[in-house]
Amino acid sequence: MKIGFIGLGNMGAPMASNLLKAGHELTVFDLMQDAVDKAVSEGATAAADIPTVARSGAELIITMLPAARHVKGVYLEDDGLLAHVPKGVHLIDSSTIDPMTARDVAAKAAAQGNPMLDAPVSGGTGGAQAGTLTFMVGGEDQEVAFARPVLENMGRNIVHCGAAGNGQVAKMANNMLLGISMIGAAEAMSLGVSMGMDPEVLAGVINTSSGRCWSTDTYNPYPGVIETAPSNRGYTGGFGMDLMIKDLGLATEAAKATGQPVVMGGLAQQLYQSMSFEGHGHLDFSAIIKRYMKGEE
């Protein structure tokens, strides 16, 4: 398939690479020339701007962007996709944004004859590289069926969550729980170690008991427990704390709009925000354990 791809960041670049490996013909655009050059070296064609992607002959255009304001700009501005894309071209936005923006952009795209899905992902940069991402997809049944073979080139689990915007709802709820559970893991591990437990033994008990979760058995925040976790490399790489703050902000804003209480989500946002304020926002979000470990900032 001819595919346009806009946004070659830490997630978008490996996703585009997997599409190229699957044999698709890609036209790509990003503000960072190095990212474009790397995609071109793998077989992609570079576009000078967004309108060029829109008019490239692509049957499908995928975007992977940092925030809602970027999505609005790429899709809705005068030099954006909707002003230049031919009727009938399919659109997928895999950015993590608020459901309201996703629904608004999808409605505007559909009104001019361009069916659109919101399809945020879970699995991090490792999942993007390995092609094992989970896609949480919002949109019409027939559009999901059209996009599924392409999404399967980048991910292992393609979950249709319902109407437009529901992919973002699922991602928002999942990441709020992730942020909360990581704080719980940090508190539990720090408490146990402070009272004389070996961290590996404690993690082993938790991971064979009722406290087990992804934050303890796969991404444990205590150094030396999980070899592949960011806690074993100075909390570098992985999912940045500032990105977690962004996702928790989406959840708390949605909660305000719907009148739904998210007490733990709001507290989690403030804990991560305080760490970022102290200069740790560039670290992996599991570095929240520094708040609880003696001798750590």
Side-chain angles (χ1 to χ4, degrees), residues 9-11 66-67 96-98 120-128 134 170-207 209-255 261-297:
N10 291 336
M11 294 294 292
T96 295
I97 61 173
D98 63 279
V121 302
S122 179
T125 54
T134 291
K171 176 68 183 290
M172 180 179 65
N174 178 79
N175 278 25
M176 183 180 74
L177 179 56
L178 173 61
I180 294 168
S181 71
M182 182 56 73
I183 294 171
E187 291 191 0
M189 290 298 300
S190 298
L191 175 62
V193 172
S194 74
M195 297 182 71
M197 280 288 293
D198 177 277
E200 290 188 80
V201 174
L202 177 57
V205 171
I206 291 171
N207 292 333
S209 303
S210 56
R212 178 186 179 190
C213 62
W214 188 85
S215 294
T216 62
D217 72 3
T218 302
Y219 217 76
N220 199 291
Y222 206 95
V225 174
I226 303 292
E227 182 179 353
T228 56
S231 54
N232 260 17
R233 52 177 187 268
Y235 301 98
T236 58
F239 187 62
M241 195 170 301
D242 283 341
L243 290 175
M244 176 56 76
I245 293 167
K246 169 204 160 187
D247 286 1
L248 287 167
L250 293 175
T252 54
E253 287 302 311
V262 287
V263 178
M264 295 299 293
L267 178 58
Q269 181 188 14
Q270 289 303 305
L271 285 168
Y272 289 110
Q273 189 72 58
S274 68
M275 287 288 288
S276 181
F277 182 76
E278 293 167 10
H280 301 295
H282 64 289
L283 297 177
D284 181 79
F285 80 108
S286 61
I288 192 69
I289 199 171
K290 289 176 174 285
R291 177 66 70 212
Y292 303 99
M293 293 171 64
K294 289 181 179 179
E296 296 283 354
E297 295 181 1

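Scope of the values below: all heavy atoms of this structure, side chains included, with no hydrogens, waters or symmetry mates.
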Please report the closest heavy-atom contact between [X] and [Y], naming both atoms and the distance.
| X | Y | result |
| --- | --- | --- |
| M11 | V121 | CE-CG2, 3.6 Å |
| L250 | D98 | CD2-N, 3.7 Å |
| N232 | G224 | OD1-N, 2.6 Å |
| K246 | A67 | NZ-CA, 4.2 Å |
| A203 | V225 | CB-CG1, 3.5 Å |
| R233 | G238 | NH2-N, 3.9 Å |

message: Exactly one of N174, N175, T96 should register a side chain to side chain donor-acceptor pair (under 3.5 Å) with D247. Which one does?
response: N175

Taking the side chain as C-beta and beyond, is there a heavy-atom pair between [X] and [Y] under 4.5 Å?
| X | Y | value |
| --- | --- | --- |
| I183 | Y292 | yes |
| R291 | E278 | yes |
| I206 | M189 | yes |
| L271 | M275 | no |
| E187 | L191 | no |

Return yes if some donor-acceptor pair links the side-chain N/O of [X] with the main-chain N/O of [Y] below 3.5 Å, else return no.
| X | Y | value |
| --- | --- | --- |
| T216 | R212 | no |
| Y235 | P221 | yes |
| D284 | T236 | no |

Gap separating the [atom1] atom of [X] from the [atom2] atom of [Y], nearest 0.5 angstrom:
| X | Y | atom1 | atom2 | result |
| --- | --- | --- | --- | --- |
| T134 | K171 | OG1 | NZ | 10.5 Å |
| M244 | M176 | CE | CE | 11.0 Å |
| K290 | S190 | NZ | OG | 11.5 Å |
| S215 | M182 | OG | CE | 3.5 Å |

- request: Just do the side chain to side chain contact (heavy atoms under 4.5 Å, CB included) check on I226 and S231 with the steps written out, would you?
  value: CA-CA 8 Å; I226 303 292; S231 54; 5.6 Å; no

Steps toward side chain to side chain contact (heavy atoms under 4.5 Å, CB included) verdict (M293, Y222): CA-CA 9 Å; M293 293 171 64; Y222 206 95; 4.0 Å; yes

query: So S286 and Y219, side chain to side chain contact (heavy atoms under 4.5 Å, CB included) or not? Walk me through it.
result: CA-CA 8 Å; S286 61; Y219 217 76; 4.2 Å; yes

query: Pick one: which of L243, L267, I245 meets side-chain contact (heavy atoms from CB on, under 4.5 Å) with Y272?
result: I245

message: Ring-plane angle category for F285 and F239, please: parallel below 30°, perpendicular beyond 60°, tilted otherwise.
response: perpendicular

task: Report yes or no: do D242 and S276 form a side-chain donor-acceptor pair below 3.5 Å?
output: yes

